[in-house]
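Before any comments, here is the structure.
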Amino acid sequence: MREAFRRIYGADPEGIWAAPGRVNLIGEHTDYNDGFALPIAIPQHTLVAARRRRDGRLRLHSAQGDGPVIDLHADRLTPGVVTTWGAYPAGVVWALHEAGHRVGGADLHVDSTVPSGAGLSSSAALECAVAFAYNDLYELGLGPTVLALIAQRAENGFAGVPCGAMDQLASACCTDGAALHLDIRAGTHEQVPFAPQAQGLGLLAVDTRVKHDLGDGAYAALRTGCERAARLLGLAALRDLGPQDLPRVLELLPSRLVRLVRHVVTENARVTQAVSLLRAGQVAALGPILTAGHVSLRDDFRISCAESDLVVDTALAHGAHGARMTGGGFGGSVIVLAEEDRVEPIGVAVTEAFRAAGYQAPQLLPVAAAAGARRVG
Ligand code: GLA
């Protein structure tokens, strides 16, 4: 990173920061309903080498795009001014200004091992790495939760994606060996030990290579549908419903909203169940909860796709404890929980099933609960 930074900008960076991607174990499309989620940070991460600039310029370069340096002015950022990957780092600087922090310019060089468009939160990793870098360089003294919310604001207000806060909170606040139990309404989170390998289990992420794009309107439509259902029911958010309320309230809604509400309510309950199991050390018992979450996203939220369903079905047929699509949906990645010695054969079987179906070969990524964003150099 230092070498590349020197080559691009002709000086040494002041430091290097890392922020991970995430997989969500359970709790999908619950964050913007004020509910619960249970993500882990993954070992794949984004690095940002950074150096302050006195002239207010914000220069951005990525090892991935390998395009030209994007040259902006930190004080003159407005939504829409950058529409490429640069919207994420520029959005963080914009969001810091918006929150009243007097930060200046910087040279940033970015490199990442989080595949983009794979539902593993590459954008949150980039935003959080930049937020942590700015926090240190400009001595803002902000904690990980506040930085995560700045990163989410960047994505909502600058990049134009109406996401909830799960991805950024996971990237900023996760710790090694633990899942993050998020309670979005309360604004709190708890670390729940998650070490499948200690029980002879493995967690595999399978990138289906079906590119998901949260900016394409489908995500926003789901969010709007959930908010409309809450309004029709006279609730602040769907979080206010428990499974016992379902028979009563579902009669009051049109069928599309029934499906959305049923998913959100049962999904929140699955998070609570999953946390209890993890606290009791019963990691394998998480499997059926993961699979039930997938069925709910497939049949009620209707955001799975043939490739994701094929991964889940193949993994289960080859002995996985459970499997589900993770993230926003419409492609992206599937997580598979299995006995450690089943992980490889499941990967082989999934790859073979994709070949037989004429799909592009999936990417297999063994994952474990890794550390959240931090300074690394
Ligand atoms: C995307 C969003 C998150 C969350 C998930 C679905 O990853 O960025 O805020 O809503 O989808 O759980």
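All ligand and atom numbering here is 1-based and tracks the order in the structure.
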Original post:
Taking distance alone, with no angle check, do Ser121 and ligand 1 share an N/O pair under 3.5 Å?
Top reply: no

Subject >> Nitrogen or oxygen of Asp167 less than 3.5 angstrom from that of ligand 1 >> reply: yes

Looking at [X], which atoms of ligand 1 are within less than 4.0 Å of one of its heavy atoms?
| X | result |
| --- | --- |
| Met166 | 4 (C), 5 (C), 12 (O) |
| Cys163 | 2 (C), 8 (O), 9 (O) |
| Gly164 | 9 (O) |
| Asp31 | 3 (C), 4 (C), 9 (O), 10 (O) |

Original post:
Can you tell if the side chain of Ile70 reaches within under 4.5 Å of the side chain of Leu58, non-hydrogen atoms only?
Top reply: no

**OP:** Evaluate the side-chain proximity of Asp107 to Ile8: yes if any heavy-atom separation is below 4.5 Å, no if none is.
**Re:** no

Original post:
Relative to the ring of Phe5, is the ring of Tyr9 parallel (under 30°), tilted (30 to 60°) or perpendicular (over 60°)?
Top reply: tilted

Subject >> Residue part near ligand 1, for Arg22, under 4.0 Å between non-hydrogen atoms >> reply: side chain

**OP:** Would you tell me whether Thr30 and Glu267 have side-chain atoms, one donor and one acceptor, within less than 3.5 Å of each other?
**Re:** no

Original post:
Between Thr326 and Asn24, does any side-chain donor sit less than 3.5 Å from a side-chain acceptor?
Top reply: no

**OP:** Using side chain to side chain contact (heavy atoms under 4.5 Å, CB included) as the criterion, list what pairs up with Ala236, not counting sequence neighbours.
**Re:** Arg185, Asp240

